[in-house]
Amino acid sequence: MNVNRIFLFLILGSIAVFASGTIEGAIEKQPLNMSAIVMFVIFVGATLGITYWAAKRTKSAKDFYTAGGGITGFQNGMAIAGDYMSAASFLGISGLVYLKGYDGLIYSIGFLVGWPIILFMIAEPLRNLGKYTFADVASYRLRQTPIRSLAASGSIATVILYLIAQMVGSGKLIQLLFGLQYEVAVILVGVLMILYVTFGGMLATTWVQIIKAFLLLSGATFMAIAVMAHYDFSFGALFAHATELKGVEIMSPGGLVSDPVSAISLAVALMFGTAGLPHILMRFFTVADAKEARKSVFFATGFIGYFYILTFIIGFGAIVMVFQNPAYLDMAKQAISGGSPILGGNNMAAIHLSHAVGGDFFLGFISAVAFATILAVVSGLTLAGASAISHDLYASVIKKGQVDSVKEMKVSKIATVVLGIVAIIMGIMFEKQNIAFVVGLAFAIAASANFPILFLSMYWKKLTTRGAVIGGSLGLATAVLLVILGPIVWVQILGNAEAIFPYKYPALFSVSVSFIGIWFFSITDNSHDAQAEREAFEAQYIRSQTGIGAEGASEH
Amino acid sequence: MNKELVEKIKNNPDYQELVAKRSSFALKLTVAMLVVYFTFILTIAFNPAALGSQMSADSVTTIGIPIGMAIIIFAFILTGIYTKRANSEFDDLSNKIKASIKDN
């Protein structure tokens with residue numbers, strides 16, 4: 001049994017002797033691991049090749065942040081979908097479906113339905129007003145220094161939380177596959193990501209993302225078809241078998257949202273959060289114009305929706321093929337706590353299923369793709385975080401725009417390295433958390449701090465700097481505070497007996513605080529500057545609607 | 001953009017048509033998406049059993065499954081509808097506005 005060998009390998013690996021002579025014999029006996037390793041190496045080699053190619057083309061800050069603006073709508077749609085189809089989505093949601101059935105679908109739908117809203121309200125004005133980051137839009141007619149500082153803080157907080165989820169996924173995955181130590185795996189991902197971003201910028205990051213999205217969609221399609229083929233493509237038969245194993249309750253909404261406040265709060269976080277994710281918003285600047293920006297959202301929605309339907313089938317596939325299959329169970333854990341714990345935890349459901357439907361070779365392929373997924377997503381995230389630091393904080397706030405492109409890029413690269421190190425440390429600290437849930441936290445902050453300012457700056461004439469800064473800060477602070485006082489951090493991480501704030505999802509409260517705060521502190525602002533900001537709205541609105549003036553401004 | 005140009009575009013009937021049509025279109029689609037999604041999420045919150053009812057007596061499949069799938073497809077269709085209209089009708093209006101500024 002190969003998986004028993006993995007298990008053995010896991011134990012050996014955890015003693016951290018991967019590179020030493022004593023374990024080499026074990027590797028030779030692992031054809032499974034070798035196929036995965038070979039595919040990993042091919043992917044990493046290919047992506048480093050892309051990075052080398054991209055590095056030669058990345059000369060200006062515009063190239064670094066937006067790939068020179070030459071990505072097509074279809075390519076960008078694939079790349080956006082790639083940013084979305086992260087390890088947290090693929091492993092976390094299929095794991096959630098595996099664990100709780102229908103509840104996994106609730107998550108998927110919440111992640112998806114933000115997209116149409118982004119297209120109708122955000123994508124076009126963003127593209128017409130902005131240059132590199134969404135802070136460009138928020139600070140278009142407001143005072144640069146305070147608005148950019150706040151927007152950059154929101155971006156960085158979102159990026160770091162999202163990075164944690166990715167790092168945890170990567171650590172678990174490589175741990176299971178290679179028997180590498182968790183920490184070693186996380187460091188490996190961090191280092192590769194730093195290489196892609198510092199040398200290849202947005203161009204390399206985008207192409208790594210596109211290739212990975214294609215591989216992931218292909219692999220997931222194969223898995224879903226293989227599962228359905230077992231049941232003559234009848235969902236009824238698949239569900240019937242799954243409920244025999246896990247009970248009929250997996251077909252209905254269960255414990256994920258236990259009360260109305262949590263349900264609405266989760267919905268708010270997922271919807272508005274999507275519209276405030278800096279690494280996604282940044283992708284609207286890589287296309288040539290508003291037309292391509294729209295197309296990219298259309299393609300992205302299609303890919304993401306299709307992918308979530310696949311993860312639902314994959315989760316159920318894991319129930320029928322992995323659950324109670326001794327080959328995939330964690331014997332050591334079962335001996336201690338009973339039940340049917342699977343090797344590597346529930347987030348590994350899709351990985352085990354890949355072995356069940358496609359054998360060693362396909363397990364190697366899916367593992368390599370999942371690894372690629374993590375690399376691509378952390379690269380996109382880190383680039384967004386680094387842009388917030390270099391473009392918004394360094395160039396616009398500290399240097400007041402008096403900085404050349406070369407210096408700004410240098411700061412981006414330093415920021416990339418720092419963020420990479422932070423991601424590695426946080427990834428190790430958050431090892432035990434449910435990775436899909438940590439993404440939920442990132443969404444709460446994106447929804448509370450980033451989205452309200454972005455949205456109101458585009459559509460509300462009376463918005464002033466004072467309103468945006470105070471309201472946005474209150475939203476950000478509320479989101480962070482409620483996360484800390486909530487059940488996950490306060491109880492599970494800090495070990496207190498009871499949470500001070502009872503809900504897992506703070507977005508309903510923090511988004512409301514943000515909007516009300518921005519409204520109140522804007523309408524009561526009677527300063528001379530505020531009046532000028534209101535008067536500047538008209539010209540901004542015309543540009544956001546028509547794109548007049550946008551062509552020139554996006555040139556550096 | 002100077003004041004004179006702002007006034008000129010603002011008074012351009014094509015601009016007024018673009019903003020009026022697109023705003024109302026985008027708003028309608030947004031409301032459609034929000035209504036569908038919040039109906040779904042509030043059903044989960046207040047009456048999860050509704051989504052958990054079986055499609056037929058001899059099937060374990062619940063109506064929540066096709067409803068969930070339909071929401072995903074609905075979101076995709078809405079983006080398609082918007083993209084199609086914006087990339088033809090709205091862009092034509094935008095281009096007309098841009099052309100009218102270049103004339104002077």
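Chain identifiers are assigned alphabetically (A, B, ...) following the order of the sequence lines, protein sequences preceding nucleic acid strands; residue numbering begins at 1 within each chain. Note that the structure is predicted; figures quoted are calculated from it, not measured.
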Segment of [X] engaging chain A (4.5 angstrom heavy-atom cut-off):
{"X": "B:F38", "result": "side chain"}
{"X": "B:L5", "result": "neither"}
{"X": "B:F74", "result": "neither"}
{"X": "B:F40", "result": "side chain"}
{"X": "B:S59", "result": "neither"}

Let me confirm one number: the [atom1]-[atom2] distance from [X] to [Y], rounded to the nearest 0.5 Å.
{"X": "A:I548", "Y": "B:I97", "atom1": "CD1", "atom2": "CD1", "value": "6.0 Å"}
{"X": "B:I44", "Y": "A:I264", "atom1": "CD1", "atom2": "CD1", "value": "11.5 Å"}
{"X": "A:I118", "Y": "B:T30", "atom1": "CD1", "atom2": "OG1", "value": "11.5 Å"}
{"X": "A:M251", "Y": "B:M55", "atom1": "CE", "atom2": "CE", "value": "10.0 Å"}
{"X": "A:Q545", "Y": "B:I9", "atom1": "CD", "atom2": "CD1", "value": "12.0 Å"}
{"X": "B:S23", "Y": "A:Y459", "atom1": "OG", "atom2": "OH", "value": "7.5 Å"}

Is any side-chain heavy atom of [Y] closer than 4.5 Å to one of [X]?
{"X": "B:I65", "Y": "A:F312", "answer": "yes"}
{"X": "A:R294", "Y": "B:D91", "answer": "yes"}
{"X": "B:L78", "Y": "A:F120", "answer": "yes"}
{"X": "A:P116", "Y": "B:Y82", "answer": "no"}
{"X": "A:I542", "Y": "B:V19", "answer": "no"}
{"X": "A:W115", "Y": "B:M33", "answer": "no"}
{"X": "B:L51", "Y": "A:Y102", "answer": "yes"}
{"X": "B:L34", "Y": "A:I117", "answer": "yes"}

| task | Apply side chain to side chain contact (heavy atoms under 4.5 Å, CB included) to the pair A:L119 and B:L29, showing each step before the final yes or no. | result | CA-CA 10 Å; A:L119 175 61; B:L29 296 181; over 6 Å; no
Just so I understand: if I count every heavy-atom pair under 4.5 Å between each of [options] and chain B, which residue has the most?
{"options": "A:A123, A:S252, A:A242", "value": "A:S252"}
{"options": "A:V248, A:I304, A:L112", "value": "A:L112"}
{"options": "A:T243, A:V297, A:I109", "value": "A:I109"}
{"options": "A:A300, A:G302, A:A267, A:A290", "value": "A:A267"}

I need the minimum non-hydrogen distance between [X] and [Y], along with the two atoms involved.
{"X": "B:V6", "Y": "A:E538", "value": "CG1-CG, 3.6 Å"}
{"X": "B:Y37", "Y": "A:G110", "value": "OH-CA, 3.3 Å"}
{"X": "B:P48", "Y": "A:P253", "value": "O-CD, 3.8 Å"}
{"X": "B:M69", "Y": "A:I309", "value": "SD-CG1, 3.6 Å"}
{"X": "B:T61", "Y": "A:G236", "value": "OG1-CA, 3.8 Å"}

| query | Would B:F76 and A:F298 count as a ring-ring contact (aromatic ring centres under 6.0 Å, His included) if you check the C-alpha gap in whole Å, the side-chain angles of each, and the deciding distance to 0.1 Å? | reply | CA-CA 7 Å; B:F76 177 61; A:F298 172 64; 5.1 Å; yes
| field | Atom group of A:E124 that falls short of 4.5 Å from chain B, counting heavy atoms | value |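 The answer is the side chain of A:E124.
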| message | Quick check on A:L105 against chain B: is it the side chain, the backbone, both or neither that has a heavy atom closer than 4.5 Å? | response | side chain
| field | A:T546 side chain to B:S94 backbone, donor-acceptor under 3.5 Å | value | no
